[in-house]
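Report on the following structure.
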Amino acid sequence: MPSLFRKKDINELVSQSSPLKRTLKIWDLTFLGIGAIIGTGIFVLTGKGALTAGPALSVSFLIAAICCGFAGLCYAEFSSIAPVAGSAYTYSYIAFGEIIAFIIGWDLILEYALGAATVSVGWSGYFVNLLDNLGVHIPTVLTAAYGTTPGTTTYFNMPAFIIVIIITWIISMGITQTKRVNDIMVIVKLAVIILFIVCTIWFIKPENWHPFSPFGLYSHHNGINTGIIPAASIVFFSFIGFDSVSSSAEETVNPSKTLPRGILLSLLISTILYIVMTLIMTGVVKYTTFAKYLNAPILAVLANTGQTWLSIIVSIGAILGMTTVILVQLYGQSRISYSMSRDGLFPEFFGHIDQKHQTPFKGTWFFGVITALAGGLINLNILSELVNIGTLTAFILVSAGVLWMRHSHPELHRGFKAPGVPFTPIIAIIFCITLIAGLNWETWLRFVIWLILGLTIYFSYGRSHATINK
């Protein structure tokens, strides 16, 4: 009877040749990371976050960034040990064994697919608003999933569905095309953000920062959690996706050095921009103003400063920003399912490499269509928390894996060594557990149901078909 904790031999794993094409360099990876991070956080979540923490939202972003930073150091070390596709799934296969690897792989599929679907709904909101400003109107029934807005009849979110299908097509065409599209959109997105900063920083009124932290670290009123820590749990979603950079290992040039630098650079640049943007936004307008602009908080700043001419440009930046988030998450998801298929835990269908495009073509389209339908048909306001719990679980396992590998395989070559071990991974784990503890019980229940479904697939198919049996 095969063991549930069979481990992959790291030397054999690294020596395997890959049919994927190596073209990604350090700035490509940095742009992939920025593409995954900067989007929903700045253009959507800053409104809800400001109402939860006040001007201290900048501290909430810093706390979420520190959590991701410590986890990022662990990802960077693991990616330098095992520069192969699969991210936390592959790392867990090496450190803890097959059953844990399958669970985390299944978990990552939830994170990337549902995360992309959630962001596609936010993308749709900005896109519909932009078209309205230009005098083009999409029928209301095709702008949101059924039951999304009380009192408004909607059946299907057509823009969300279409953008996911378009991005799936781009990814299926090959990593070179994916890289070019992402790089162009990230450059435009960063240009829009810098333009916004330059045009609005002069309108800051320091009195709007007082009181800086109206709700303290944590408070609970009328069934609502407020304060710096609850806001950190909200904006944590903003950083989700940077780990998908590590799933590109087999398409990266000199991955043991390039991957760690790309991961950490993208986190650093994104964190600085988040904090600067948050301080400007809460300095220009009183944080309570964002209650009227929850879906597009940046527009509150532009309306207050009279720079409405910027609104169309910012809307385009928001659309491009969220487009890159969807692109990187769907890209990471396709590489996770490819790795699991290659290992026999998923059917061969998901690991088939198209000879013309050198991509896992069929698997990319399978999950792309499912994600598009989820964005079009499901009200994802509640389910988005599932993305957070999935990501935090992955962070915990990768951090624990670095601790274990330092103990069990101290002789392995590490192109990058996380500083401060054992403290760095322990701090990452503590931060992640703290944020998980803030999630509601419904999220835990849905997560358990998802895991039960995954384990059913593992025991009925994956365990007996695993290539490690051969």
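For the numbers below, each heavy atom of this structure counts, side chains included, while hydrogens, waters and symmetry mates do not. Position 1 is the first residue of the sequence, and the numbers go up from there. In this text the structure is predicted, and so the values were computed from the model without any measurement.
- Aromatic rings from Y112 and Y331 are positioned such that their centres are separated by 6.0 Å or more.
- Taking each heavy atom of I326 and V164 in turn, the nearest pair found is CG2-CG2, 4.4 Å.
- For the pair L377 and F156, the minimum side-chain heavy-atom distance is below 4.5 Å.
- Of all non-hydrogen atoms in S60 and A231, the two that sit nearest each other are OG-CB, 3.3 Å.
- Taking both residues in full, the closest heavy atoms of S315 and N129 are given as OG-ND2, 4.1 Å, listed atom of the first, atom of the second, then distance.
- Across all their heavy atoms, T52 and P230 have their closest contact at CG2-CB, 4.1 Å.
- Across all their heavy atoms, Q333 and A113 have their closest contact at CG-N, 4.2 Å.
- Scored by the side chain to side chain donor-acceptor pair (under 3.5 Å) test, S124 finds N157 as partners (sequence neighbours excluded).
- The distance from atom OG1 of T391 to atom CG of L110, rounded to the nearest 0.5 Å, is 8.5 Å.
- Using a 4.5 Å cut-off on side-chain heavy atoms (C-beta onward), L327 and M185 make contact.
- For the side chain to side chain donor-acceptor pair (under 3.5 Å) test, residues two or more places apart in sequence or in another chain that qualify with W365 are S172.
- Taking the side chain as every heavy atom from C-beta outward, W106 and L453 approach each other to under 4.5 Å.
- Counting heavy atoms from C-beta outward, I171 and R335 have side chains that approach closer than 4.5 Å.
- Residues I170 and M173 fail the side-chain proximity criterion, which asks for heavy atoms closer than 4.5 Å.
- For residues 183-193, the set of pairs meeting the side-chain hydrogen bond (donor to acceptor under 3.5 Å, both in side chains) definition, not counting sequence neighbours, comprises K189-T324.
- The distance from atom CG of D132 to atom CZ of F127, rounded to the nearest 0.5 Å, is 10.5 Å.
- Partners of S311 by side chain to side chain donor-acceptor pair (under 3.5 Å), not counting sequence neighbours: none found.
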Determine all donor-acceptor pairs shorter than 3.5 Å in which one atom belongs to a side chain in residues 269-281; sequence neighbours excluded.
unit_1	atom_1	unit_2	atom_2	d
S270	OG	S266	O	2.8
T271	OG1	L267	O	2.7
Y274	OH	I37	O	2.6
Y274	OH	S238	O	3.3
T278	OG1	Y274	O	2.7

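- Residue W123 forms a side-chain contact (heavy atoms from CB on, under 4.5 Å) with just one option from V128, I163, L320, V325, and that option is I163.
- The aromatic rings of F431 and F70 sit parallel to each other, their planes meeting at less than 30°, with 60° as the upper class boundary.
- Distance check: I229 CD1 to I234 CD1 gives 12.0 Å after rounding to the nearest 0.5 Å.
- Within the 4.5 Å cutoff, the side chain of F367 has no heavy atoms near those of the L330 side chain.
- When all heavy atoms of S120 and G375 are compared, the pair lying nearest together is OG-CA, 3.9 Å.
- I316 has its side chain out of reach of V192: every pair of non-hydrogen atoms, C-beta onward, lies at least 4.5 Å apart.
- Side-chain contact check for I63 versus I228: some heavy-atom pair is nearer than 4.5 Å.
- Screening residues 190-208 for side-chain hydrogen bond (donor to acceptor under 3.5 Å, both in side chains) gives no qualifying pairs among residues at least two apart or on separate chains.
- Under the 30°/60° scheme for interplanar angles, the aromatic rings of F350 and F346 are found to be tilted.
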